[in-house]
Amino acid sequence: MPEGHTIHRLARDLRNDLKDQAIEATARQARFADGAARLDGEVLSDAEAYGKHLFVHFDSGDLLHVHLGLVGKFRRRSPSDDPSDALRVRLAAGDAAWDLTGAMTCALVDPDHRASVVEKLGPDPLRRDGRSGPFIDAVQSSKRPVALQLLDQSVIAGIGNVYRAEVLFLMGIHPKTPGDRLDADQLDTLWTLTRDLLRDGVRRNRIVTRTKDELPRGRITPSEALYAYKRAGMPCRRCEDKIARTEIANRKIWWCPTCQPA
DNA sequence: TCTTTATGGTGAG
DNA sequence: TCACCCTAAAGAT
């Protein structure tokens, strides 16, 4: 479930479990055996999220750069649990063992590399240093469809395919609206809404976009949590139209033709 | 037991 | 624009 909220939650959980502790680092696959061997015994000083990138800082100056991609997972296990064959690396200390599998990126890097990664990213609404200005300027300076721009991590860092469908629905914006057709107030509201949804996602450790008064009580099933994403053919929750689906640049996007007119 | 799909991104053509 | 990478759950047979 890796959109920005997942990574920020992960950074927080890793800090809580492992900060200032000497880490036992183990690998099961050959491709990160050297990295794990080098990290083994180093003290974890911080864990930081920037968009969908995770940087785990060590006292030595080493950084572990992780990007979960589509299928990566970083799960909390017990040190006594036998890791799966797919284990890329385990970071363990005390009674916590964090197992990484399926990650698109798992590499030991230095601060210069971190800087070069961050330099390519747009502002992250979940970070203290995230500002809406550069986001608004970037969107307005391009005719590309807003849905395309919201997935472009150099425009805004942390939005994925679920949040983009949901935020466009909530804003009543058609996915193919050219960026330069949106005004600054609208984009500022979109930024704030995105930030609030992401924060809620960090808190819940899942994506729930429907407003509190609309949500059923008790346990919320995946299909109840959202307005548009993966709801093609189902009735819109705000009108009687049916949710539509199309593709933009090989990614599916769902929207309500009535609530989000062209 | 198989095939498909996925909340992502890169690099080749 | 497309093939491809990584893994695992869901869907099809």
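Each chain gets a letter, A, B and so on, in the order the sequences are listed, and its residues count up from 1. The figures that follow rest on heavy atoms only: side chains count, while hydrogens, waters and symmetry mates do not.
- Going from atom CD1 of A/Ile248 over to atom C1' of C/dT1 covers 15 Å, rounded to whole Å.
- The CG atom of A/Leu150 sits 15 Å away from the P atom of B/dT7 (whole-angstrom rounding).
- For B/dT7, neither phosphate oxygen OP1 nor OP2 lies less than 4.0 angstrom from any side-chain nitrogen or oxygen of A/Lys52.
- Residue A/Asp152 is tested with A/Lys120, A/Arg251, A/Arg164, A/Arg144 for a salt bridge (charged side-chain N to carboxylate O under 4.0 Å, His left out); the sole match is A/Arg144.
- Across all strands, A/Lys230 comes closer than 4.0 Å only to sugar-phosphate atoms, never to a base (heavy-atom distances).
- Computed from coordinates, the A/Leu126 CG to B/dT7 P distance equals 20 Å when rounded to whole Å.
- Separating the CZ atom of A/Arg245 from the P atom of B/dT7 is a distance of 10 Å, rounded to the nearest angstrom.
- Residue A/His67 places at least one side-chain N or O closer than 4.0 Å to OP1 or OP2 of B/dG9.
- Between A/Glu166 and A/Arg231, no side-chain nitrogen of the basic residue sits less than 4.0 Å from a carboxylate oxygen of the acidic one, so the salt-bridge criterion is not met.
- Atom OH of A/Tyr229 is separated from atom P of B/dT5 by 13 Å (rounded to the nearest Å).
- A/Arg203 is linked by a salt bridge (charged side-chain N to carboxylate O under 4.0 Å, His left out) to A/Asp200, counting only residues two or more places apart in sequence or in another chain.
- Between A/Tyr163 and B/dT7 there is no side-chain polar atom (N or O) within less than 4.0 angstrom of OP1 or OP2.
- When the C1' atom is used for both C/dT1 and B/dT7, the distance is 23 Å, rounded to whole Å.
- Under the 4.5 Å side-chain contact rule for hydrophobic residues, A/Leu64 and A/Tyr50 do not share a cluster.
- Annotation: C/dA3 and B/dT5 have their P atoms spaced 14 Å apart (nearest Å).
- In terms of position on DNA chain B, the residue among A/His53 and A/Lys252 whose nearest nucleotide sits closer to the 5' end is A/Lys252.
- In this entry the distance linking CG of A/Leu54 with P of B/dG8 reads 16 Å, nearest Å.
- Going from atom CD1 of A/Ile207 over to atom C1' of B/dG8 covers 13 Å, rounded to whole Å.
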Return a single string for nucleotides 4-11 of chain C, one symbol per nucleotide in 5' to 3' order, where B is base contact, S is sugar-phosphate-only contact and - is none, cutoff 4.0 angstrom on heavy atoms. --BBS---
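- Between A/Arg251 and B/dA6 there is no side-chain N or O to OP1 or OP2 distance below 4.0 Å.
- Using a cut-off of 4.0 Å between Lys/Arg side-chain N and Asp/Glu carboxylate O, A/Lys19 and A/Asp46 are scored as not salt-bridged.
- Straight-line distance between the P atoms of B/dT1 and C/dC6: roughly 25 Å, to the nearest whole Å.
- Atom P of B/dT10 sits at a distance of 22 Å from the matching atom of C/dA8, rounded to the whole Å.
- Taking a 6.0 Å sphere around CZ of A/Arg38, one finds it holds 12 or fewer heavy atoms contributed by other residues, nucleotides or ligands.
- Rounded to whole Å, the distance from CG on A/Asn205 to P on B/dT7 is 18 Å.
- Remark: A/Arg88 is not positioned above the aromatic ring of A/Phe32, lacking an NZ or CZ atom under 6.0 angstrom from the ring centre and at most 45 degrees off the axis.
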